[in-house]
Amino acid sequence: MILIGSLTSPYVRKVRIVAAEKHFELKLELEDVWKPGSRIVQLNPLGKVPTLVMEDGGAIFDSRVIVEYLDQLTPVHRLIPEKGRERIEVRCWEALADGLMDAAILARLEATQRPEAQRSADWIERQMIKVRAAVQAMARGLGTNEWCCEGKYSLADVATGCALSYLDFRFPEIDWRTDNPALTRYAEKLFRRQSFVDTLPPSA
Ligand code: GSF
């Protein structure tokens, strides 16, 4: 299977970590989706990464769909519970983490890609409010537990780790650690996992 992506996208990283935890070898093909004429649109009309090309040549996209596909391909190390309330809890943690990444990326695009005269400080602040609220919700939800859901490592932890690590990568000025010692201890343990170490983004 071929994963089209970049080394800096937190959504791509989520997929790569899930693949590593499931012992799948994905061939990573780098694609700059911002480059005019990027061939990503031939596989994904939305022009976004991650996009996965499956064994039969079909393409699927959106990190949430791809991780679901990978998780159900083999019973090895299930990261998403099969049904019920537990499944919904894991997916809600993922939505929270993805939402943090969405807001952080929108704020960053506004601040770095838009011509200065057109930038909206209000828009950036609106997104940063979401980022801070998501961190607080993560800290509250985790409490002093070892993992986000049901006492075991799951997609909820993969997604949460990718979101917090993205803040470290692109927003080093955001100090989410000082007021959240339990979340900090949790993240440090998560960041030491081989799958996280192997997918660290290159330094900015
Ligand atoms: C988000 C993917 C995304 O925005 C997912 O896969 O979970 N909900 C989707 N990817 C960005 C790259 S990045 O910022 O991580 C992307 O491909 N953007 C190109 C564009 O034209 O928006």
Side-chain angles (χ1 to χ4, degrees), residues 6-22 50 63-64 67 71 77-81 84-112 121-204:
S6 76
L7 298 174
T8 53
S9 163
Y11 313 98
V12 172
R13 190 176 185 202
K14 183 173 55 154
V15 171
R16 291 174 70 205
I17 291 173
V18 165
E21 302 279 4
K22 303 277 299 175
S63 60
R64 294 186 211 186
V67 296
D71 195 46
H77 198 178
R78 287 304 297 244
L79 294 168
I80 307 174
R85 179 70 187 257
E86 289 151 35
R87 177 182 175 84
I88 296 309
E89 276 176 20
V90 167
R91 301 249 69 158
C92 194
W93 272 96
E94 184 187 23
L96 178 65
D98 279 18
L100 188 162
M101 302 191 274
D102 294 344
I105 288 168
L106 283 175
R108 184 165 183 275
L109 289 176
E110 181 76 15
T112 62
D122 285 351
W123 174 255
I124 294 173
E125 181 51 19
R126 185 180 169 85
Q127 302 310 321
M128 296 319 287
I129 288 170
K130 295 180 200 297
V131 168
R132 291 191 288 269
V135 171
Q136 277 173 22
M138 285 169 178
R140 244 191 345 264
L142 180 73
T144 53
N145 296 328
E146 190 180 3
W147 303 113
C148 294
C149 293
E150 301 294 323
K152 63 173 193 271
Y153 180 77
S154 72
L155 174 65
D157 303 292
V158 177
T160 301
C162 288
L164 291 173
S165 182
Y166 184 74
L167 289 185
D168 288 347
F169 175 49
R170 291 298 196 199
F171 296 83
E173 69 281 7
I174 296 183
D175 174 17
W176 54 268
R177 288 177 170 80
T178 300
D179 292 337
N180 300 303
L183 187 67
T184 302
R185 281 193 300 278
Y186 158 83
E188 298 312 335
K189 181 182 61 179
L190 203 50
F191 295 168
R192 283 195 297 272
R193 283 180 84 90
Q194 200 57 47
S195 55
F196 275 82
V197 172
D198 290 345
T199 55
L200 261 179
S203 38

Test side-chain contact (heavy atoms from CB on, under 4.5 Å) on Arg170 and Ile105 and set out the steps.
-> CA-CA 9 Å; Arg170 291 298 196 199; Ile105 288 168; over 6 Å; no
Phe171 vs Val131, side-chain contact (heavy atoms from CB on, under 4.5 Å): CA-CA, chis, key distance, verdict | CA-CA 11 Å; Phe171 296 83; Val131 168; over 6 Å; no
Steps toward side-chain contact (heavy atoms from CB on, under 4.5 Å) verdict (Leu79, Val67) = CA-CA 9 Å; Leu79 294 168; Val67 296; over 6 Å; no
Where do Leu106 and Lys130 land on the side-chain contact (heavy atoms from CB on, under 4.5 Å) test, with the steps shown first?
-> CA-CA 11 Å; Leu106 283 175; Lys130 295 180 200 297; over 6 Å; no
Could you pull out every donor-acceptor pair under 3.5 Å between side chains of residues 159-167 and any protein atom, sequence neighbours left out?
{"unit_1": "Thr160", "atom_1": "OG1", "unit_2": "Ala156", "atom_2": "O", "d": "2.7"}
{"unit_1": "Ser165", "atom_1": "OG", "unit_2": "Arg13", "atom_2": "NH1", "d": "2.7"}

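The structure places OH of Tyr11 at 8.5 Å from CZ of Arg64, a figure rounded to the nearest 0.5 Å. Summarising the geometry, atom CG belonging to Leu183 is positioned 12.0 Å from atom OG1 belonging to Thr144; distances are rounded to the nearest 0.5 Å. If you take CZ on Phe196 and CG on Leu190, they are separated by 4.0 Å, rounding to the nearest 0.5 Å. Here Ser154 contributes atom OG and Ile80 contributes atom CD1; the two are 8.5 Å apart, rounded to the nearest 0.5 Å. A distance of 13.0 Å separates SG of Cys92 from CZ of Arg87, quoted to the nearest 0.5 Å. To the nearest 0.5 angstrom, Ser195 atom OG is 14.0 Å from Lys14 atom NZ.
Looking only at side-chain heavy atoms (C-beta outward), Ser63 and Val12 stay at 4.5 Å or farther from each other. Trp176 is listed as a side-chain neighbour of Asp168, based on a closest heavy-atom distance under 4.5 Å.
Side-chain atoms of Thr184 come within 3.5 Å of backbone N or O of Arg177 as a donor-acceptor pair. Here the side chain of Asn180 pairs no donor or acceptor atom with the backbone of Ala139 at under 3.5 angstrom.
The aromatic rings of Trp147 and Tyr153 sit perpendicular to each other, their planes meeting at more than 60°, with 30° as the lower class boundary.
Contact detail for Asp71 and His77: the closest heavy-atom pair is OD1-O, 3.9 Å. Here the shortest heavy-atom pairing between Val90 and Pro81 reads CG2-CD, 3.5 Å. When all heavy atoms of Val197 and Arg192 are compared, the closest pair comes out as CG2-O, 3.8 Å.
Under the side chain to side chain donor-acceptor pair (under 3.5 Å) criterion, Arg108 pairs with no residue, sequence neighbours left out.
The salt bridge (charged side-chain N to carboxylate O under 4.0 Å, His left out) contacts involving residues 193-203 comprise Glu21-Arg193, where partners must be two or more places apart or lie in separate chains.
We find that Glu188 and Arg185 are not joined by a salt bridge, their nearest charged nitrogen and carboxylate oxygen being 4.0 Å or further apart. Asp157 has no carboxylate O lying under 4.0 Å from a charged side-chain N of Lys189, or vice versa, which leaves the two without a salt bridge. Note on Arg85 versus Glu150: no salt bridge recorded, every NZ/NE/NH1/NH2 to OD/OE distance being 4.0 Å or above.
Residue Arg132 places its CZ atom among more than 12 non-hydrogen atoms of other residues, nucleotides or ligands, all under 6.0 Å distant.
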